[in-house]
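The first residue in the sequence is number 1, and the count goes up from there.
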Amino acid sequence: MSLFNTVRNTIVPVHKEGYPFVAAFFVASLILGWIFKPLFWIGMIFTLWCAYFFRDPERVTPQDDDLVISPADGKVSAIQMVTPPAELDLGSEPMLRISVFMNVFNCHVNRAPMRGRIVSINYRSGSFVNAELDKASHDNERNGMVIETRHGQIGVVQIAGLVARRILCWANINEPLDAGERFGLIRFGSRLDVFLPAGAAPRVSLGQTAIAGETVIAEFASAKGPVISRRS
């Protein structure tokens with residue numbers, strides 16, 4: 001492999017949504033450096049961090065309609081049966097909710113957990129409490145999407161966090177989505193909730209690190225029992 005290919009495969013591309021932010025940090029670094037030279041290098045550190053935050057790596061997604069793939073990079077913060085948000089129109093019966101919390105160092109590009117067709121998209125304004133708290137599902141600004149899949153309708157909710165102030169969703173109603181396909185992004189710390197109908201069994205544990213587009217977080221039509229984990 002050539003040196004050029006090695007460098008190209010090592011450098012993770014930046015999502016286009018991050019270009020204005022990276023450019024703004026770089027310009028600010030130049031201005032600060034003109035005022036006081038050491039400030040330029042401090043500004044460049046923040047510029048590199050901004051580029052790192054908006055990274056958009058390629059992922060290898062299992063293509064199996066019985067599998068539910070993590071929609072976000074981060075820590076599995078909740079696995080429980082709860083009533084889905086009213087705006088999703090998924091009924092009043094509890095559904096399996098798996099939550100993935102993203103901190104400011106995680107990749108924030110969101111991916112579809114299953115293959116299907118988008119039935120609805122609903123945005124709700126709200127507060128900006130810590131997204132890791134359970135009440136964030138109801139209190140925080142959020143964007144909910146319902147996907148019709150082979151196993152019924154599932155809900156995917158983007159939740160803004162303590163620092164996040166912008167939820168992006170570029171998917172549209174009636175569009176098809178493949179598992180692992182990019183559909184949105186949340187800026188600077190947040191959470192993704194996935195609501196699954198009966199028949200889904202968790203395949204992750206609390207505190208486990210999930211990778212968007214790759215980690216299997218749940219499975220349908222499986223005779224296997226719940227996941228048993230060991231922390232070491």
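Scored by the side chain to side chain contact (heavy atoms under 4.5 Å, CB included) test, Ile173 finds Ile121 as partners (sequence neighbours excluded).
Residues Ile167 and Ile159 form no side-chain contact, since every pair of their non-hydrogen atoms from C-beta on lies 4.5 Å or further apart. The side-chain heavy atoms of Leu30 and Phe40, taken from C-beta on, include a pair separated by under 4.5 Å. Looking at Val119 and Gln153, their side chains come closer than 4.5 Å, going by heavy atoms from C-beta outward. Taking the side chain as every heavy atom from C-beta outward, Arg142 and Tyr123 never approach each other to under 4.5 Å. Contact of the Leu168 side chain with the Gln158 side chain is not registered, since no non-hydrogen atoms from C-beta on lie closer than 4.5 Å. Side-chain atoms of Glu148 and Val146, non-hydrogen and from C-beta on, never get closer than 4.5 Å to each other. Side-chain contact between Met102 and Asn110: present, with at least one pair of heavy atoms (C-beta onward) separated by less than 4.5 Å. In this structure, the side chains of Ile154 and Met95 stay at 4.5 Å or more apart for every pair of heavy atoms.
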N/O donor-acceptor pairs under 3.5 Å from side chains in residues 67-74, not counting sequence neighbours:
from, atom 1, to, atom 2, distance (Å)
Ser70, OG, Ala72, N, 3.3
Ser70, OG, Ala72, O, 2.7
Asp73, OD1, Arg59, NH1, 2.8
Asp73, OD1, Ala212, N, 2.6
Asp73, OD2, Arg59, NH2, 3.0

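The nearest pair of heavy atoms linking Thr149 to Gly152 is OG1-O, 2.7 Å. Summarising the geometry of Ala78 relative to Gln80, their closest heavy-atom pair is CB-OE1, 3.8 Å, with the distance given to 0.1 Å. In plain terms, the two heavy atoms of Pro85 and Phe195 that are nearest each other are CD-CZ, 3.4 Å. Nearest heavy atom pair, residue Gly213 against residue Thr61, reads O-OG1, 2.6 Å. Contact between Cys169 and Asn143 at its shortest, heavy atoms only, is CB-ND2, 3.5 Å. Across all their heavy atoms, Ile217 and Ile98 have their closest contact at O-CD1, 3.3 Å.
Note on residues 26-35: pairs passing side chain to side chain donor-acceptor pair (under 3.5 Å), not counting sequence neighbours, are Ser29-Thr47.
To the nearest 0.5 angstrom, Gln63 atom CD is 6.0 Å from Asp178 atom CG. Put simply, CZ on Phe101 and CG on Asp193 are 12.0 Å apart, with the number rounded to the nearest 0.5 Å. Atoms CZ and CD1, on Phe183 and Ile118 in that order, are 8.5 Å from each other to the nearest 0.5 Å. Note that CD1 of Ile79 is 11.0 Å distant from CZ of Arg203, once rounded to the nearest 0.5 Å. Expressed to the nearest 0.5 Å, how far CE of Met81 lies from CG of Leu96 amounts to 6.0 Å. Expressed to the nearest 0.5 Å, how far OG of Ser99 lies from CG of Leu192 amounts to 9.0 Å.
Under the 4.5 Å side-chain contact rule for hydrophobic residues, Val100 and Met145 do not share a cluster. Linking Ile, Leu, Val, Met, Phe, Trp and Tyr residues whenever their side-chain heavy atoms come within less than 4.5 Å leaves Ile211 and Ile186 in two separate clusters. Connection of Leu32 to Met44 is not established within any shared hydrophobic cluster, with ILVMFWY side chains joined at heavy-atom distances below 4.5 Å, either directly or through further cluster members. Hydrophobic clustering (side-chain heavy atoms under 4.5 Å, transitive across Ile, Leu, Val, Met, Phe, Trp, Tyr) keeps Val76 apart from Val216. In the hydrophobic clustering of this structure, Phe46 groups with Leu39; members are Ile, Leu, Val, Met, Phe, Trp, Tyr whose side-chain heavy atoms approach within less than 4.5 Å, directly or through other members.
Neither side chain, His151 nor Asp65, offers a donor N or O lying under 3.5 Å from an acceptor on the other.
Within 6.0 Å of the CG atom in Asp64, the count of heavy atoms belonging to other residues, nucleotides or ligands exceeds 12.
With salt bridges taken as basic N to acidic carboxylate O contacts below 4.0 Å, none links Arg191 and Glu141.
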